[in-house]
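Input: a single structure, listed below in structure tokens.
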Amino acid sequence: QNVSRALQHFYAQTGDAGPHFAPNDYARFHQASFVRFYEAYGRPNAAIGIVLADAEVNVFEVVQFEALMMQAGVRTLRILASSIKQARFRVDDSSRLLFDGQELAIVYYRHMYDPSHFVHDCEAFSVAAELSAALCIPSIEAQLLNIKLNQYLLANGDVKAAYGLQHIDT
């Protein structure tokens, strides 16, 4: 929201109405849960790894989330999906997930919700994260359920017609 206000102020100074950014309280709403999960992990040097698409569309939401985590004393680490390589991550003997040497308490997926996203060793990273002590949000089970639910809904002719999706072949 601070970034949104700053941009609105900038546009007001230049005389341009600019885009309107609606208030977004998603990050603030979930902040307490993420902090509780992080604290339950119990290792203060760990971070929250945020897995992002290379062209993240909700960057303001991510920036707000990072700022709220920083205020709570929780480190974050942005991980672009295309940067995930087998050599950059591992699970150690204590089941800690490490990415570029940084321990991750939570892996927060903002990407990898579609089977086509599992490229660049992303599948191996996802499996390693699930087998580690890190909390995955959402878990691989929740991701698969979401994919299967969408497939089911898109296979239903009434749902496709209601949303103008008749052209999608399921």
Below 4.5 Å, heavy atoms only, C-beta onward: do Phe89 and Ile79 meet side chain to side chain?
no
Sequence neighbours excluded, which residues qualify as side-chain contact (heavy atoms from CB on, under 4.5 Å) partners of Ala67?
none
If I compare all heavy atoms of Ala81 with all of Asp54, which pair ends up nearest, and what's the gap?
N-OD1, 3.8 Å
Distance from His111 atom NE2 to Ile50 atom CD1, nearest 0.5 Å?
14.5 Å
Counting C-beta onward and ignoring hydrogens, is there a side-chain heavy-atom pair between Val35 and Met69 closer than 4.5 Å?
yes
Could you give all pairs that pass the salt bridge (Lys or Arg N to Asp or Glu O under 4.0 Å) test and reach residues 87-99, with sequence neighbours left out?
Arg88-Asp100, Asp92-Arg96, Arg96-Glu103
Could you note down all residue pairs passing salt bridge (Lys or Arg N to Asp or Glu O under 4.0 Å) where residues 65-75 supplies at least one of them, sequence neighbours left out?
Glu66-Arg78
CG (Leu77) and OH (Tyr108) are apart, to the nearest 0.5 Å, by 15.0 Å
Shared hydrophobic cluster for Leu80 and Ile48 (ILVMFWY, side-chain gaps under 4.5 Å)
yes
Parallel, tilted or perpendicular, as decided by the 30° and 60° cut-offs, for the rings of Tyr109 and Phe125
perpendicular
Show the nearest heavy-atom pair for residues Asp121 and Gln86, with the distance to one decimal.
OD2-N, 2.9 Å
Results of side-chain contact (heavy atoms from CB on, under 4.5 Å) for Leu131 - residues two or more places apart only:
Val127
Shared hydrophobic cluster, Val107 / Leu98 (ILVMFWY, side-chain heavy atoms < 4.5 Å):
no
Write down the atom of Ala128, the atom of Val91, and the distance for their closest heavy-atom approach.
O-CG2, 3.5 Å
Nearest 0.5 Å, please: how far is CZ in Phe34 from CZ in Phe65?
4.0 Å
Holding to side-chain contact (heavy atoms from CB on, under 4.5 Å), I want the full list of residues that pass it with Ser33, two or more places apart in sequence or in another chain.
Arg36, Phe37
Distance from Thr76 atom OG1 to Ile106 atom CD1, nearest 0.5 Å?
11.0 Å
By side-chain contact (heavy atoms from CB on, under 4.5 Å), Ala105 pairs with (sequence neighbours left out) Tyr38, Tyr41, Ala46
Backbone N or O of Glu123 within a donor-acceptor pair of the Ser126 side chain at under 3.5 Å?
no
